[in-house]
Amino acid sequence: MDYTLHETRNYDEFKFIKENRKTVARHVERLVESIKKKNLTKDFPIIVNDEMEILDGQNRFEALKILGYPVPYRKAMDMNKKDISLINTMHKGWSTEDYLHQYCVFGYPDYLKLKDFIDWCGNVTLSQAMKIIKNKKRYVADGGFGDSGEGIEMFKLGQFKYPIDDSKAKGYVLRLRELSAYTEKRNPFDRSLIVALDCIESTDGFDFERLSQKLKNYPIGVYNDANSLIAQLETAYNYNVPHKGKLIFKRAK
């Protein structure tokens with residue numbers, strides 16, 4: 001690669017290659033915000049060929065164009081159009097865990113609190129921890145952060161806010177721990193258990209203390225999914241209870 005760094009505001013010089021991946025509007029928006037915060041594109045310039053076709057960096061180019069910033073670029077020496085797929089496979093995006101680690105190293109208080117919460121929980125995943133502290137329905141498949149992906153974008157930008165009061169989140173974890181002690185898996189963050197607790201806690205009239213007392217004499221057997229676990233918890237909850245006092249738990253959809 002030619003390591004001479006060029007720079008221009010003449011956006012019409014650049015051309016897109018049809019064989020390359022399409023730009024992603026949401027990713028471009030995130031890059032715009034990131035570049036406005038600190039422009040590091042000279043360290044990550046656009047890579048072009050002799051015809052000024054963009055081999056790598058289409059999204060960065062679009063973000064710089066939106067901002068009206070000059071585009072830093074380098075010309076490739078050996079890279080060509082056929083190498084585009086190879087370039088993309090070599091890029092490894094950062095995971096949310098990578099962002100958490102970075103902001104903790106930088107000393108961001110909200111990220112340090114999140115890390116402390118995860119450590120306190122034990123074997124919880126970052127995705128599960130985020131749902132728990134945000135009091136999201138834990139079994140909804142929304143990527144772990146809710147808000148249709150917007151929450152994760154804010155997280156990556158260092159704008160995550162830990163709740164002022166996390167007592168509800170910790171109380172929820174303590175209930176998971178207590179229930180898990182009566183199951184064969186003994187895992188508070190088993191997905192079926194999380195789904196089951198969310199469902200039964202959304203059932204009108206449910207009393208956790210009643211369930212806790214019943215389970216001391218009515219252990220849970222093998223279960224294959226959330227609904228089979230809910231069925232057993234329901235049986236335990238209603239054991240030796242008159243018909244009018246029995247409760248039917250909500251099931252997972």
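You'll find the side chain of V195 stays beyond 4.5 Å of the side chain of S192, heavy atoms only. Within the 4.5 Å cutoff, the side chain of V173 has heavy atoms near those of the W120 side chain. A 4.5 Å side-chain heavy-atom check between F189 and I132 finds at least one atom pair inside the cut-off. The side-chain heavy atoms of L179 and I220, taken from C-beta on, include no pair separated by under 4.5 Å. In this structure, L193 and N187 have side chains that are not in contact, with every pair of non-hydrogen atoms separated by 4.5 Å or more. In this structure, the side chains of L197 and R175 come closer than 4.5 Å at one or more pairs of heavy atoms.
The aromatic ring centres of F160 and Y99 sit 6.0 Å or more apart.
Scanning all heavy atoms of the two residues, the minimum distance from M154 to Y111 falls at O-OH, 3.9 Å. Heavy atoms only, all atoms of each residue included: K75 and D50 are closest at CD-OD1, 4.2 Å. Of all the heavy atoms in A76 and I47, the pair that sits closest is CB-CG2, 3.9 Å. Of all the heavy atoms in I133 and P163, the pair that sits closest is O-CG, 4.0 Å. The two residues L233 and A196 make their nearest non-hydrogen contact at CD1-CB, 4.3 Å. Of all non-hydrogen atoms in R74 and P45, the two that sit nearest each other are NH1-CG, 3.4 Å.
With E62 contributing its side chain and T23 its backbone, the two residues share no donor-acceptor pair below 3.5 Å. Proximity of a side-chain donor or acceptor of D119 to a complementary backbone N or O of D116 within less than 3.5 Å is not detected. Under the 3.5 Å distance criterion, the side-chain polar atoms of D166 are left unmatched by any main-chain donor or acceptor of A169. Of the possible polar contacts, none joining the E53 side chain to the F14 backbone as a donor-acceptor pair under 3.5 Å is found. When atom types are taken as modelled, the side chain of Y103 and the backbone of G158 share a donor-acceptor pair closer than 3.5 angstrom. Within the 3.5 Å criterion, the main-chain N or O of F44 finds a donor-acceptor partner in the side chain of R60. A donor-acceptor pair under 3.5 Å is absent between the side-chain atoms of Y182 and the main chain of Y218, judged by distance alone. Although no hydrogens or angles enter the test, the distance criterion places no donor-acceptor pair under 3.5 Å between the side chain of K15 and the main chain of I54. Put simply, the side chain of N227 never gets that close to the backbone of R251: no donor and acceptor are under 3.5 Å apart. Panel note: side chain N238, backbone L247; a donor-acceptor pair is recorded below 3.5 Å.
Considering P72, P70, S34 in turn, P72 is the only one that fulfils the side-chain contact (heavy atoms from CB on, under 4.5 Å) rule with T41.
Annotation: the span from E178 atom CD to E209 atom CD amounts to 6.5 Å, rounded to 0.5 Å. Rounding to the nearest 0.5 angstrom, the gap separating the NZ atom in K131 from the CD1 atom in I194 is 8.5 Å. A distance of 8.5 Å separates CD1 of I118 from CE of M130, quoted to the nearest 0.5 Å. Annotation: the span from K156 atom NZ to D98 atom CG amounts to 10.0 Å, rounded to 0.5 Å. To the nearest 0.5 angstrom, T235 atom OG1 is 13.5 Å from Y237 atom OH. L126 contributes atom CG, which lies 8.5 Å from atom OG of S95 (distance to the nearest 0.5 angstrom).
The 12-atom threshold is not exceeded at NZ of K38, counting heavy atoms of other residues, nucleotides or ligands nearer than 6.0 Å. Around atom OH of Y11, more than 12 heavy atoms belonging to other residues, nucleotides or ligands sit under 6.0 Å away. Counting heavy atoms of neighbouring residues, nucleotides and ligands inside a 6.0 Å radius, atom NZ of K115 does not exceed 12 of them. Atom NZ of K185 sits in a crowded spot, with more than 12 heavy atoms from other residues, nucleotides or ligands closer than 6.0 Å. Dense packing is recorded around CZ of F16, with more than 12 heavy atoms of other residues, nucleotides or ligands lying under 6.0 Å away.
Ion pairing between a basic and an acidic side chain is recognised when a charged N comes within 4.0 Å of a carboxylate O; R30 and E33 show no such pairing. Ion pairing between E234 and K246 fails under the 4.0 Å rule for side-chain N and carboxylate O. Electrostatic pairing of E29 and R26 counts as a salt bridge here, judged by a charged N lying under 4.0 Å from a carboxylate O.
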Residue pair C121, F117: steps toward the side chain to side chain contact (heavy atoms under 4.5 Å, CB included) verdict:
CA-CA 6 Å; C121 286; F117 177 75; 3.5 Å; yes
Can you list the steps and then say if Q213 with R210 is a side chain to side chain contact (heavy atoms under 4.5 Å, CB included)?
CA-CA 5 Å; Q213 290 299 318; R210 171 174 155 180; 6.0 Å; no
Evaluate the criterion side chain to side chain contact (heavy atoms under 4.5 Å, CB included) for residue pair L40 and I35; output intermediate values, then yes/no.
CA-CA 7 Å; L40 298 174; I35 292 170; over 6 Å; no
Side chain to side chain contact (heavy atoms under 4.5 Å, CB included), that's the test. Do V71 and R9 meet it? Break it down for me.
CA-CA 6 Å; V71 179; R9 275 195 174 89; over 6 Å; no
After noting the C-alpha distance and the side-chain angles of S167 and D165, does the key distance pass the side chain to side chain donor-acceptor pair (under 3.5 Å) rule?
CA-CA 6 Å; S167 58; D165 183 2; 2.8 Å; yes
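Using modelled atom types, one finds no donor on one side chain facing an acceptor on the other under 3.5 Å when comparing Y73 with D56. Donor-acceptor pairing under 3.5 Å is recorded for the side chains of Y172 and D198.
Two different hydrophobic clusters hold L229 and I248 under the rule that ILVMFWY side chains link at heavy-atom gaps under 4.5 Å. Note on L174 and L211: same hydrophobic cluster, where clusters join Ile, Leu, Val, Met, Phe, Trp and Tyr whose side-chain heavy atoms are under 4.5 Å apart, directly or indirectly.
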